[in-house]
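These notes are about the structure you will find just below.
Every chain is numbered from 1 and lettered A, B, ... according to where its sequence line falls, protein lines coming before strand lines.
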There are 2 protein chains.
Amino acid sequence: MAEERRKFKRESAQARREALICATLELVAEHGVRGATVRGIAERADVTQGLIRHYFSSKEDLITAAYEYHMTHMTDLTEAPASQLQGTARDRLVAFVEASLTAPVVDPQSIALWASFLNKVQNDPAMKAIHARTYADFRDRLEALIAAALGEAGQVTEAGQLRHLAIACNAVIDGLWLEGGALPDAFEPDELPKIGLISVGAIVGLNLTHSS
Amino acid sequence: MAEERRKFKRESAQARREALICATLELVAEHGVRGATVRGIAERADVTQGLIRHYFSSKEDLITAAYEYHMTHMTDLTEAPASQLQGTARDRLVAFVEASLTAPVVDPQSIALWASFLNKVQNDPAMKAIHARTYADFRDRLEALIAAALGEAGQVTEAGQLRHLAIACNAVIDGLWLEGGALPDAFEPDELPKIGLISVGAIVGLNLTHSS
DNA sequence: GTCGTAATTATGCAAGTGTATAATTTTAGC
DNA sequence: GCTAAAATTATACACTTGCATAATTACGAC
């Protein structure tokens, strides 16, 4: 008879933390770090604001945790396809470029997050460290793949030249990633990876478009 | 005898507007749009906060004005070098790429501004219009330069192919611009334009590095 | 069942926010 | 010099912000 409706449900610490982090990322992407208010995050996660303080010592702490969570997620997304592949180095390079220029890596929210976090990344040393590590990791993997693919084709490339190639290829990928996420309707679904492969191929001097 | 120190000085409307806009851009670059508070802007411009309302109907109005000011400024910086040049189309393409990848276009504050404004650009229609116009303008100029340079070399390129080349070159330039501004210490002074010219050249199929 | 503890909510507070309006001060025109 | 209008400052207000603390609620251990 009595309406015994529960007022809330207890969740595991891990689930709650993740829910709060995801709500945070959504709001940061939409309104920037300062626009992601504690109350807004709580509402998005279907929770009252006080709970945030129970899982994170401050908003700063929550933001940092969310940033780390997101960066780790992105790294995983670009790492998996190329490393799981058993084919030639060229195939792995192709897979790496394609993964970097397709959903879910290419995604409006990711670009928005990147932009929203930039300020904080440049000021906060803790965030700067996370960023530098992730960025260097990405470029090193790209450079290694380029070196392997070139070696496979019988070409030897000196270190300085290799660095330039990696910087240039990284730049094309970044630029295409950016444009694809910032202007989602400006490109056909497979246009981005196609342009990416042609461009990276042109820069390093390999044809990456035909099937091997 | 009497200390007749003036409490403030009247400035021309144009000078005050520009001072307020510059202060706004500085703070937006440092702390994001929401972090650029009315009081902070006023202080940076050596003025009390009430004055802002005298020149701009709201903070929103000031932000929009600042964005338009900045975008116009950036367009001017990339437009001037290539259009003033009397040489071949290839020379103008080279000048365009170089100008886009050198200071003052490559500049930490510009990247920070780009990132800070992204949210607002994607939500606010007025800002979106300003952005779309500027972006299309940049890419059209690049595409025209590529077409002219290729034509000069005796190559005819179909429209679709030309579009892809422009997108790809735009992406390298954007990517390099971004990395140069986000990690100012990671590159030698002339490393960025050098890589840019090699990459754009490789993509379109022209050697842009030797002097013509 | 009941009970204690931890999760969750509820409430409150001081500081910062944009904006509105009134009070001053400068400066140009006569 | 005087004066009036415009530029600038000064003050106030309602609202949002992050954070702290107290009051509830759920749920496993016994």
- Going by number, which of residues 118-126 of chain A have a non-hydrogen atom under 4.0 Å from DNA chain D?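 Under 4.0 Å from DNA chain D: no residue of residues 118-126 of chain A.
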- Query: Going by number, which of residues 11-29 of chain B have a non-hydrogen atom under 4.0 Å from DNA chain D?
  - Reply: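 DNA chain D contact set from residues 11-29 of chain B: B:Glu11, B:Arg16.
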- How would you list, by chain and number, every residue that makes a ring pair (Phe, Tyr, Trp, His ring centres under 6.0 Å) with B:Phe138, sequence neighbours excluded?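 With neighbours one apart ignored, the set is B:Phe96.
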Separation of [X] atom [atom1] from [N] atom [atom2], in whole Å?
X: B:Ile52; N: C:dT21; atom1: CD1; atom2: C1'; value: 17 Å
X: B:His54; N: D:dA10; atom1: NE2; atom2: P; value: 16 Å
X: A:Leu51; N: C:dA7; atom1: CG; atom2: C1'; value: 7 Å
X: B:Glu43; N: C:dG16; atom1: CD; atom2: P; value: 12 Å

- Query: Just by protein heavy atoms under 4.0 Å, how would nucleotides 12-25 of chain D read 5' to 3' in B, S and -?
  - Reply: B----BBBS----B
- Message: Checking contacts here: which listed nucleotide (D:dA7, C:dT9, C:dA7) is nearest the side-chain heavy atoms of A:Thr48?
- Response: C:dT9
- Query: How about A:Thr134 and A:Asp137: does a side-chain donor come under 3.5 Å of a side-chain acceptor?
  - Reply: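 Side chains of A:Thr134 and A:Asp137: no pair found under 3.5 Å.
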- Just checking, any donor-acceptor pair under 3.5 angstrom between side chains of B:Thr88 and B:Asp91? yes
For [range], which residue pairs pass the salt bridge (charged side-chain N to carboxylate O under 4.0 Å, His left out) check, not counting sequence neighbours?
range: residues 74-84 of chain B; value: B:Glu79-B:Arg141
range: residues 172-196 of chain B; value: A:Arg163-B:Glu191
range: residues 19-42 of chain B; value: B:Glu26-B:Arg44, B:Glu30-B:Arg44

- Task: Would you mind listing every ring-ring contact (aromatic ring centres under 6.0 Å, His included) that reaches into residues 56-83 of chain B, with sequence neighbours excluded?
- Result: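 Every pair satisfying ring-ring contact (aromatic ring centres under 6.0 Å, His included) with a residue in residues 56-83 of chain B: B:Tyr67-B:Phe117.
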- Tell me the ring-ring contact (aromatic ring centres under 6.0 Å, His included) pairs involving residues 24-45 of chain B, sequence neighbours left out?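 Counting only pairs at least two positions apart or across chains, no ring-ring contact (aromatic ring centres under 6.0 Å, His included) contact touches residues 24-45 of chain B.
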For [X], salt bridge (charged side-chain N to carboxylate O under 4.0 Å, His left out) partners two or more places apart:
X: A:Glu60; result: A:Lys120
X: B:Arg133; result: B:Glu68
X: B:Lys9; result: B:Glu11

- Examine C:dT8: is either OP1 or OP2 under 4.0 Å from a nitrogen or oxygen in the side chain of A:Tyr55? Give yes or no.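 True: A:Tyr55 side-chain N/O within range (under 4.0 Å) of C:dT8 OP1/OP2.
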